[in-house]
Number of protein chains: 2
Amino acid sequence: MNRSKITLADIAETAGVSPATVSRVLNGDPRVATDRVERVNRAIKELGYSPNRAARTLVTGKTGLVAAVIDSNLNVFSDPFWGQITTGISQALQEANFSALLMVRPLDVDDPSVVASLAPGQVDGAIFFQLHNDDTVNLLQDMGLPLVVVGRPEASSKLVYVDSDNLGGAVQATEHLIARGCRTVATVAGNQQLSSGRLRLEGYRRALVDADVAFDESLVAYGDWTDESGAAAMGTLLDSRPDIDGVFVANDLMALGVMTVLEQRGLKVPDQIAVVGFDNMFAGRLGRQQLTTVEQDVQGLGAKAASMVIQMIDGGKPSSVVLPTSLIVRETA
Amino acid sequence: MNRSKITLADIAETAGVSPATVSRVLNGDPRVATDRVERVNRAIKELGYSPNRAARTLVTGKTGLVAAVIDSNLNVFSDPFWGQITTGISQALQEANFSALLMVRPLDVDDPSVVASLAPGQVDGAIFFQLHNDDTVNLLQDMGLPLVVVGRPEASSKLVYVDSDNLGGAVQATEHLIARGCRTVATVAGNQQLSSGRLRLEGYRRALVDADVAFDESLVAYGDWTDESGAAAMGTLLDSRPDIDGVFVANDLMALGVMTVLEQRGLKVPDQIAVVGFDNMFAGRLGRQQLTTVEQDVQGLGAKAASMVIQMIDGGKPSSVVLPTSLIVRETA
DNA sequence: TCTTCTCCTGAAAGCGTTTTCACGCGCTCA
DNA sequence: TGAGCGCGTGAAAACGCTTTCAGGAGAAGA
């Protein structure tokens, strides 16, 4: 049970070879004679040895660590996707023998601590989540840190990102509503501080324009992604525009609120008013129906981000990626 | 911009002192003359130096890392709490100058890789999430790894854990139903593989017994935490026992399904049937009402786990903790 | 047979810190 | 005034690994 201190030297001794040889075996150097490889591996297994990361890092300069950085000012906390994304990241990193370092920090203040934690030599790369401002990230990039952003940075930014096709998904959703015959299509938009919120609204607008329908401000209401805010937004919308016969809701949680309001007002879904959500968060029914929604591959988002960062660490220059979304037609539209 | 290689030796040189002195300043050794401290700090700022973790780890033997380990066989992924817990952990660790290492791995197979990643010297401590089997964890504990479990391990286990008061919360919820006059209280239980599922069911049972109501198997249906399964369970329940006038649902997502079914069947909530959930996941309305539910402090759970692990790293022997839950009475019961 | 390669191996340097140890200095206390 | 003390400092060893370098043993070529 005293695994306390088994070093490479120990196993060199019991295997009767030099430390250098052990190191070579560990790193798969093909030049070592097979019988020695055998002896070394046996010794490793026997003594239950595992190499000391710190020592290895010290000489190679590679930490084997990739940081996943979340702006704590952002409430991604309660987002159910957060778990899936981190899972995607963690597993993809793991397969490439990296570990994920989790950092939930305020990014907007000029906090030197986050920069220090990510300075060269501390981690090999980093993945940032949808940020308010890019300053810190740009600084780190200039310092030579391989990094990718999950979500969409400012258009002018040079940052490499990976994102779901929020725009395309919103277009699909809205087109679907138009195609099924809705004449007055409204939207409950999400937080416009976030690129996902902006793009889903823009997709709605674009689909309308493409269908030669004028964009009408009075058909847009804003929520903050919560079910509550969705309900409130839908209420406002209906009060001013009772003629609405279709609504694209920027996420499923708000759609939950929307469905509730529609039921309270006795509006039949989808006959009187059709509803499309975004996220595919609920497998089951919302009110009387199953929600038609846009699905995104959240775990894939994380995995992609991880593989891109690894690519950059290996000296590659991957370009930004937008992952496709797909419309899942169920009962509400 | 060439932060590439600034070492302690560099700043020793520009400050005109020995490396040893710089190290002492870095570690707040009080014995260094104030003017030298001043000189050193100036040099540090000037050169933008930050100490190399690996080198430090190598000599001190402390990594400054705490692993957060999740069984990937478990689908905590989609659990919205996962984000909050990790946030709690990450922030609490950060305050104590530790970093969180995220590991999503299969724990039930005899995977040596997870043990190797957590062997002494790789991390200072670990936090495990509700596990199916304790073998790996016990092994690591025997190897001297400071660790705490989030969730409830087997009763016989020696593991230190932190958990919400699932039992107490369920008792509260059920008592509330009884107190408001429900005569036939059913429950939609969660996954019985998980301690939370078992304890919430047990709490329901205990509250009944305490109120001198016989526990009746036909009033129990099982779901798997999803809204779909909640709806199915409630349907089954009502088919066999139309006399039910109150139901404790083991989580809010299933309660969402339950509410839908009740509405479909035209049952008035809470007059004909009262509903209490668990988790306080939805701020808004479910169907026509706002859900009465049991709230747990998820982020606090993570923070507590982190502080306990730190305590253990510092040589302490914290005992297990059960965090209180509270009943939030709204409209459905 | 003697050189020249090739192949495998070990010795040793070095990665950037912390920490022990010893030293010199200026005091205080007999 | 001399012994002793505490304090601040630097030299150097150590942490566990990788990697360069050089050497020894054969094999191949002359």
Side-chain angles (χ1 to χ4, degrees), chain A residues 2-41 43-44 47-65 97 116-117 119-124, chain B residues 2-41 43-44 47-65 97 116-117 119-124:
Chain A
N2 62 343
R3 312 260 193 170
S4 24
K5 293 285 152 192
I6 299 160
T7 77
L8 177 146
D10 294 333
I11 91 118
E13 189 174 357
T14 68
V17 300
S18 76
T21 298
V22 177
S23 173
R24 284 192 264 260
V25 171
L26 249 36
N27 296 293
D29 189 317
R31 299 175 311 182
V32 182
T34 43
D35 61 321
R36 291 183 174 231
V37 173
E38 166 64 18
R39 286 222 307 277
V40 168
N41 280 329
I44 288 179
L47 301 193
Y49 165 78
S50 67
N52 179 311
R53 251 202 216 233
R56 186 173 280 186
T57 296
L58 189 55
V59 43
T60 60
K62 321 233 107 253
T63 60
L65 258 33
N97 276 312
S117 317
Q122 312 296 52
V123 298
D124 293 342
Chain B
N2 62 344
R3 312 259 195 171
S4 23
K5 293 283 154 194
I6 297 160
T7 77
L8 177 147
D10 294 334
I11 92 118
E13 189 175 357
T14 68
V17 300
S18 78
T21 298
V22 177
S23 174
R24 284 192 263 259
V25 171
L26 250 35
N27 295 293
D29 188 317
R31 298 174 311 180
V32 182
T34 43
D35 60 323
R36 292 182 172 229
V37 173
E38 166 64 17
R39 286 222 306 279
V40 168
N41 280 328
I44 289 179
L47 301 193
Y49 164 79
S50 68
N52 179 312
R53 253 208 217 225
R56 185 174 280 186
T57 295
L58 189 55
V59 41
T60 59
K62 319 233 108 252
T63 61
L65 258 34
N97 274 312
S117 317
Q122 311 296 53
V123 298
D124 293 341

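Order of the sequence lines fixes the chain letters, A, B, ..., with proteins taken first and strands second; residue numbering starts at 1 for each chain. What you are looking at is a predicted structure, and each value in this text was computed from that prediction instead of being measured.
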* Positional range of nucleotides in DNA chain D within the contact set of chain A, heavy-atom, under 4.0 Å -> dG16(D) to dT20(D)
* Structure fact -> Sorted by position of nearest nucleotide on DNA chain D, 5' first, the leading residue of Thr21(A) and Ala54(A) is Ala54(A)
* To do: Please state how far atom CZ in Arg53(B) lies from atom P in dT18(C), giving the value in whole angstrom units.
  => 13 Å
* Begin with the C-alpha distance, continue with both residues' side-chain angles, and end with the deciding distance and a verdict on side-chain contact (heavy atoms from CB on, under 4.5 Å) for Leu26(B) and Arg56(B). => CA-CA 11 Å; Leu26(B) 250 35; Arg56(B) 185 174 280 186; 4.1 Å; yes
* Asked: Heavy atoms, side chains only, cut-off 4.5 Å: are Pro19(A) and Val22(A) in contact?
  -> no
* Determine whether Thr57(B) and Asn52(A) make a side-chain contact, defined as any pair of heavy atoms from C-beta on separated by less than 4.5 Å. => no
* Shortest non-hydrogen separation from Ile11(B) to Ala43(B) and the atoms involved -> O-CB, 4.1 Å
* Do any of residues 22-41 of chain B sit with a heavy atom less than 4.0 Å from DNA chain C, and if so which? -> Ser23(B), Arg24(B), Asn27(B)
* Can you check whether Tyr49(B) reaches Thr14(B) side chain to side chain, under 4.5 Å on heavy atoms? -> no
* Separation of dC15(C) C1' from Leu58(A) CG (nearest whole Å) -> 4 Å
* Sole residue of Val17(B), Leu8(B), Asp35(B) in side-chain contact (heavy atoms from CB on, under 4.5 Å) with Val40(B) -> Val17(B)
* salt bridge (charged side-chain N to carboxylate O under 4.0 Å, His left out) partners of residues 25-34 of chain A, not counting sequence neighbours, each pair once -> Asp29(A)-Arg31(A)
* To do: Round to the nearest Å and state the distance from Ile6(B) atom CD1 to dC15(C) atom C1'.
  => 16 Å
* Asked: Side-chain contact, heavy-atom cut-off 4.5 Å: Leu65(B) with Arg53(A)?
  -> no
